[in-house]
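Heads up, the thing below is written out as structure tokens.
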Amino acid sequence: MKNIIFIAPPNGGKGTLSESLIEKYGYGHISTGDLLREEVKAGTELGKEADSLMKAGKFVPDEIILKLIEKRIQKPDCENGYILDGFPRTLVQAQKYDEMLNELGKDLGVVIYIDIDKDMALQRSISRITCPNCKRIFNKVSPEMKPKVEWICDDCGTELVQRSDDTEEVFLKRYDDFMEKTMPLVEYYKNKGVLETIKAHVSKYDTLDEAIKVLEK
Ligand code: AMP
């Protein structure tokens, strides 16, 4: 199984697609956002530093992110392939990650860019709700992503929450940052010959079908 890197604007569907691919193929899942939210919840020094930056939709410093990634990709669930959901987000992160892989003797794998319309991503942002326990993602309005019982996680029964950065104001800031700092990665990975592009569809199943075609070709 090839490791996967997802590149997508905020609310482009990285998390939801990761959930579906993990269910189908058993990948290890590495969401830097989730790793950071766990640190915030546990009240660690790192979490304290990350908290205000995340609430404002700003990037957390590269050194923190790289340390989290280096530790995480060496865990047993990543041995047979893993999905990077939210990393790398800058050219520096991508270059440092290449160095890390060289040192660890691991493969880059495939990079999938999820192309999504800005308005569609914004609508998803303001209607997304998530499980703080198992991290499953739901949506208040999408018929296929609504929880069975309002505000309760289908999988673990925990009360769902709206992320503090899921507001229009923070979305717009995150979107601009994506365009400026993360979009250059599409060119970077295209030049390495590892880039695939898929379209974000209204239905998560259609997006999943496109991703499977790319992974199985
Ligand atoms: P996400 O869950 O991927 O939407 O990430 C939530 C927030 O965590 C982002 O808005 C950033 O503040 C921070 N974050 C996550 N991944 C990274 C990264 N690779 N580099 C810098 N900050 C990150």
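Just so you know, ligand 1 is whichever comes first in the structure, and atom 1 is the first atom listed for that ligand.
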Of the non-hydrogen atoms in [X] and [Y], which two are nearest, and what is the gap between them?
X	Y	value
K48	G43	CE-O, 3.5 Å
P61	L53	CD-CD1, 3.8 Å
R37	M54	CG-CE, 3.8 Å
K146	F138	C-CD2, 4.1 Å

Inset, instruction - Identify which one of K204, M145, R124, R163 satisfies the side chain to side chain contact (heavy atoms under 4.5 Å, CB included) criterion when paired with I137. - result: M145
Inset, instruction - Using heavy atoms and a cut-off under 4.0 Å, could you grab the residues that are in contact with ligand 1, chain by chain, numbers ascending? - result: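 These residues qualify: T32, G33, L36, R37, M54, K58, F59, V60, I65, G86, F87, R89, Q93, R163, D165, R174.
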Inset, instruction - Determine, using the 4.5 Å side-chain heavy-atom cutoff (strictly less than), whether V92 and F59 are members of one ILVMFWY cluster. - result: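 No, V92 does not connect to F59 through the hydrophobic network.
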